[in-house]
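Worksheet: one structure, shown below.
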Protein chains: 2
Amino acid sequence: MPTPARTSLDEIIAAGQTILEEGGLDGLTMRRVAAAVGIRPPSLYKRIRDRGDLVRLIVDRSLRELTDRLDSVVGSGDPRRDLVALAHVFRDFARSRPATYGLLFARLPETSRVDPELNARASQAILRTAAELAGPDDALEAARTVVAWAHGFISMELAGAFRLGGDVERAFAFGIDRLATAIAADAGVPGGQAADPAVAG
Amino acid sequence: MPTPARTSLDEIIAAGQTILEEGGLDGLTMRRVAAAVGIRPPSLYKRIRDRGDLVRLIVDRSLRELTDRLDSVVGSGDPRRDLVALAHVFRDFARSRPATYGLLFARLPETSRVDPELNARASQAILRTAAELAGPDDALEAARTVVAWAHGFISMELAGAFRLGGDVERAFAFGIDRLATAIAADAGVPGGQAADPAVAG
DNA sequence: ACCTGAACACCGTTCAAGT
DNA sequence: ACCTGAACACCGTTCAAGT
C-alpha cells in the first residue's frame, strides 16, 4: 500500500529557496528543508539526488525568472535605454535574492550546474542589446564587458565591498553611462574596430 | 612543565592556504589543518579563535601580497598603461589562488572580515590611477567602475561562466581598452554627471 | 604553556523495514 | 510508492585532564 505523498518537488524547491535566503548556502541543510516540508531528511532523496541537486534546482528556477524579466524590458527601440533597464533588472534581482544571486556565477560542483541551454537563453537579451550598440563584430565582447561590470558591481555591493564612502548610486549611474558609451560602435580606438550597421531582433 | 610548541600561527595559516586552494572553502576543515601541522584539532584553538578567524588570517595574508604587487606596477607615467598593468596583476593573482580570490569580495561573516584599513590600502593604487585618468571629481566612481569590471570578469572566468564561445582573451583586452577610454576625463556625456568633491582614502 | 581524548551537537547520506 | 528510524562517517568546538 503506497503511502500518500506529503510534499512535492515544487514545495521542496520553494522551501529550499526560502531557507537559502534566510541562512545562506551553509544554512541550507537537508534537515531544515525536510522539516520545512514536513518530512524526515531521508525522504528528500526520493525526489532529489542530493544536496547539490537541490541547489541546482533552486538556481534553475530563479534563473528562469530572471530571464523572463530581462526579456521583458528590452525592445524600447533605444538600445542605450535597454542597456540601462537590463542593468537595473539585474541589480534588483540580486537585491531581492542575494544568496541565490551569489550562486548564479559561482564555481559550483558539476551536480549543481544548471542546463547550459538555460544559461544561453538568459544571455540573449543582453547579447542583442550589445549587438545593437557595438555592432555584430564586437557584440560578444561588448556583452561580456557589460555583464562583467554589472556582476562585479552588484556582487561587491552585496558583499559590502564599497567601503571608501562616496555615493554608490552615483557610481552605478556613472558606470552604466560610461559603459554604454564605451561599447558603442564608434568608441573604438582609431584604426581599431570597424563600425558596422547595428543588428536588431 | 610546559609542552614545547609543535607548530606556529604562521605554519597554520600556510597550511590553511594550501588546503583552501586544494579543496575549496568546504575542504578547509579544522581537522585537516590540524593534521597538516601535526597536532590535534583542539590545539588549533590555542592560536586561532575559530575557523572564521583562520579564514580571515588567510585572506589577510593574501591581500597584503596582492597590495604589494598592485603598488609595484603603477607609476609608469602613463596612467592608461598603469591601468592595464593593474588589471593583469589582479587577474594573475586570481588565477594563481582562485579559492582565496573568491573570498576577497565575498560576503563573509564578521569574524572572517579583514581589517578595513588593509582594504583601504589595497585600493590606493587603483584609486590614484583612476584619478589620473578621470580627474579628481570622478576618481572614486572611475575606480569602482574598473574594479567592478575586473572583479566581475575574473570571477566569471574562474567560474566558467563564459560559455558562449568566442575568445575570452579578446574580451578581456576589449574590456580594459574600452574602459580606459570610458573613464577618461573627456569621456563624459555633455551635461551629464555633476562634479562633486572626490572622496579618497 | 601547549597538547590531548572524549564528548556534544551538528552535518549528508544510505539502507533495511514499515505502510 | 513514499516514509521512517537507525546508523555511518564526517564536521566545529568545548573541556577536563595530562605534561
Side-chain angles (χ1 to χ4, degrees), chain A residues 1-59 99 102-103 106-113, chain B residues 1-59 99 102-103 106-113:
Chain A
M1 240 293 231
T3 66
R6 290 215 234 279
T7 183
S8 65
L9 180 59
D10 232 55
E11 195 188 7
I12 289 170
I13 297 171
Q17 166 98 254
T18 302
I19 292 167
L20 171 64
E21 290 303 337
E22 278 169 356
L25 190 53
D26 284 350
L28 179 67
T29 70
M30 300 299 267
R31 283 163 154 92
R32 265 197 261 238
V33 173
V37 302
I39 58 174
R40 303 289 169 173
S43 302
L44 288 173
Y45 295 83
K46 286 286 158 184
R47 296 196 161 79
I48 58 177
R49 189 156 17 101
D50 53 23
R51 182 174 175 272
D53 195 39
L54 175 59
V55 171
R56 186 185 59 78
L57 290 164
I58 294 169
V59 174
L103 299 177
R107 289 189 123 217
L108 293 174
E110 185 69 41
T111 57
S112 295
R113 232 166 278 170
Chain B
M1 224 39 140
T3 66
R6 291 217 233 279
T7 183
S8 66
L9 181 58
D10 232 54
E11 195 189 8
I12 289 170
I13 298 171
Q17 167 97 256
T18 302
I19 292 167
L20 171 65
E21 290 301 337
E22 279 169 355
L25 190 54
D26 284 350
L28 179 67
T29 70
M30 300 300 267
R31 283 163 154 91
R32 266 196 262 238
V33 173
V37 301
I39 58 174
R40 303 289 169 175
S43 300
L44 288 172
Y45 295 83
K46 285 287 158 183
R47 295 195 162 80
I48 58 177
R49 191 157 14 101
D50 54 22
R51 181 174 176 271
D53 195 39
L54 175 58
V55 171
R56 185 183 60 76
L57 290 165
I58 294 169
V59 174
L103 299 177
R107 292 186 122 217
L108 293 174
E110 185 69 40
T111 58
S112 295
R113 232 166 279 170

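Naming: A, B, ... by sequence-line order, numbering from 1 per chain.
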Position toward the 5' end of DNA chain D (nearest nucleotide), T29(B) or R47(A):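 The residue closer to the strand's 5' end, by nearest nucleotide, is R47(A).
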
Nearest-angstrom distance from the residue atom [atom1] of [X] to [atom2] of [N]:
X      : N       : atom1 : atom2 : answer
M30(B) : dC3(C)  : CE    : P     : 13 Å
L54(A) : dC11(C) : CG    : C1'   : 15 Å
D50(B) : dT13(D) : CG    : P     : 5 Å
I48(A) : dT13(C) : CD1   : C1'   : 11 Å

For a quick check of understanding: with a heavy-atom distance under 4.0 Å over all strands, which category does L28(B) fall into, base, sugar-phosphate or nothing?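 Sugar-phosphate contact only.
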
What contact category does R49(B) fall into here, base, sugar-phosphate, or nothing, at under 4.0 angstrom with non-hydrogen atoms?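 Contact class for R49(B): none.
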
Under 4.0 angstrom between R40(B) side-chain N/O and dG5(C) OP1 or OP2: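 Yes, R40(B) has a side-chain N/O under 4.0 Å of OP1/OP2 on dG5(C).
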
Examine dC2(D): is either OP1 or OP2 under 4.0 Å from a nitrogen or oxygen in the side chain of S43(A)? Give yes or no.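 Looking at the OP1 and OP2 atoms of dC2(D), neither is under 4.0 Å from any side-chain N or O of S43(A).
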
With a 3.5 Å cut-off and just heavy-atom distances, do the side chain of T3(B) and the base of dC2(C) make a donor-acceptor pair?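 Looking at the base of dC2(C), it does pair with a donor or acceptor on the side chain of T3(B) (distance under 3.5 Å).
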
Ignoring hydrogens and angles, answer whether the base of dG12(D) and the side-chain atoms of R31(B) contain a donor-acceptor pair closer than 3.5 Å.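 For R31(B), whose side chain was compared with the base of dG12(D), there is a donor-acceptor pair (under 3.5 Å).
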
Side chain of R51(B), backbone of M30(B): donor and acceptor closer than 3.5 Å?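 Here the side-chain-to-backbone pair does not exist.
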
Base-pairing mate for dC11(C) - Watson-Crick or G-U, with both contacts under 3.5 Å: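 Across all strands, not a single nucleotide pairs with dC11(C).
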
Pick one: which of I48(B), L20(B), L25(B) meets side-chain contact (heavy atoms from CB on, under 4.5 Å) with V55(B)?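 Result for side-chain contact (heavy atoms from CB on, under 4.5 Å) with V55(B): L25(B).
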
